[in-house]
Amino acid sequence: MTFDLFDALEATEQSQEQLAPGAFVLRAFALPYVQQLLPALAAIEQASPFRHLITPGGFRMSVAMTCCGELGWTSDRRGYRYSAIDPDTGRHWPPLPTVFLQLAQSAAAQAGFDGFMPEACLINRYEPGTRLTLHQDKDELDYGAPIVSVSLGIPAMFLFGGNARNDKAARVPLFHGDVVVWGGPDRLRFHGILPLKEAEHSLLGRQRINLTFRKVA
DNA sequence: CAGTCGCG
DNA sequence: GGAG
């Protein structure tokens with residue numbers, strides 16, 4: 001039988017780790033919000049279903065994505081962009097639920113970023129095998145605001161790299177309820193997710209949901 | 001190059 | 001031969 005610490009670990013008490021001067025892992029920070037988060041997520045998914053985006057290179061992303069908020073992030077052969085309209089439905093993205101905003105603002109403040117006002121929340125759905133290669137979040141006009149990233153469901157190995165693609169990336173296991181916040185001098189750090197291991201979560205099944213909050217403009 | 005692939 |  002195979003078994004390791006990565007499979008067994010899951011933070012149940014809140015704690016804080018500093019990855020860099022402007023980057024923090026807030027363990028279990030989102031747990032008090034989960035009961036309200038999940039029904040809000042179900043409503044968003046019904047209005048703007050998850051879809052696999054195509055990169056400018058013509059490849060299908062393994063993560064399934066949707067968005068909520070005034071603006072949503074999308075990609076196609078023409079490039080990456082933020083849009084007020086969901087290109088799949090032709091309608092506005094669902095509004096940012098109050099509980100989403102409360103969680104994002106309190107996590108940002110906990111990491112030292114007061115007054116965070118995101119207008120976009122990108123929602124990524126991972127299944128075992130799904131990955132996100134090293135990239136920068138640089139489609140926003142405002143790099144003064146941090147990125148707030150919430151993990152729900154099965155664990156994932158987060159890669160936190162440097163400001164250059166070839167910089168060696170730190171590996172940070174992320175579990176249900178963990179929140180990562182990075183901004184200031186670390187706002188443009190490369191980051192990604194290794195292919196997820198097979199796992200099952202009691203609330204979310206064989207999936208990981210990631211909420212990423214950004215101030216776009 | 002938010003991708004896959006080849007190489008080592 | 002597999003992971004990164």
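Letters A, B, ... are given to chains in the order of the sequence lines, protein chains preceding strands, and every chain is numbered from 1. The figures that follow rest on heavy atoms only: side chains count, while hydrogens, waters and symmetry mates do not.
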Pick the P atom in dT4(B) and in dG1(C), then give their distance to the nearest Å. 24 Å

Can we say R214(A) and E140(A) salt-bridge, meaning some charged N sits less than 4.0 Å from an Asp/Glu carboxylate O? yes

Do L122(A) and M65(A) have side-chain heavy atoms sitting under 4.5 Å apart? yes

Aromatic contact, F158(A) with W182(A) (centres under 6.0 Å): yes

For F59(A) and dC1(B), give me the distance from atom CZ to atom C1', rounded to whole Å. 10 Å

Parallel, tilted or perpendicular for H201(A) and H176(A), by the 30°/60° rule? tilted

Please report, rounded to the nearest Å, how far the C1' atom of dC1(B) is from the CG atom of D137(A). 14 Å

To the nearest 0.5 angstrom, please state how far the CG atom of L174(A) sits from the OG atom of S149(A). 7.0 Å

Near DNA chain B, which residues from residues 177-186 of chain A have a heavy atom under 4.0 Å away? none

Would you please say whether a donor-acceptor pair under 3.5 Å links the side chains of S48(A) and D86(A)? yes

Rounded distance in Å between the P positions of dG3(B) and dC7(B): 22 Å

Base, sugar-phosphate or nothing for N124(A)? Non-hydrogen atoms, less than 4.0 Å. nothing

For the student: nearest non-hydrogen atoms of A145(A) and K215(A), plus distance: CB-CB, 3.5 Å

So does R165(A) get a side-chain nitrogen or oxygen closer than 4.0 Å to the phosphate oxygens (OP1/OP2) of dA2(B)? yes

Less than 4.0 angstrom from a charged side-chain N to a carboxylate O is my criterion; do E17(A) and R27(A) meet it? yes

May I have the distance from L134(A) (atom CG) to dT4(B) (atom P), rounded to whole angstrom? 14 Å

Please state how far atom CG in D167(A) lies from atom P in dG4(C), giving the value in whole angstrom units. 19 Å

Separation of atom CE in M157(A) from atom C1' in dG4(C), rounded to whole Å: 13 Å

Donor + acceptor pair across side chains of D76(A), T74(A) (<3.5 Å): no

OP1 or OP2 of dG3(B) under 4.0 Å from side-chain N/O of R131(A): no

Which residues within residues 66-95 of chain A lie with some heavy atom under 4.0 Å of an atom in DNA chain B? W73(A), Y80(A)

When the distance from CZ of F158(A) to P of dA2(B) is rounded to whole Å, what number comes out? 15 Å

From CZ of F160(A) across to P of dG4(C) the rounded distance in Å is 20 Å

For M65(A) and dG3(B), give me the distance from atom CE to atom C1', rounded to whole Å. 12 Å

Sugar-phosphate, base or nothing in reach of D139(A), heavy atoms under 4.0 Å: base

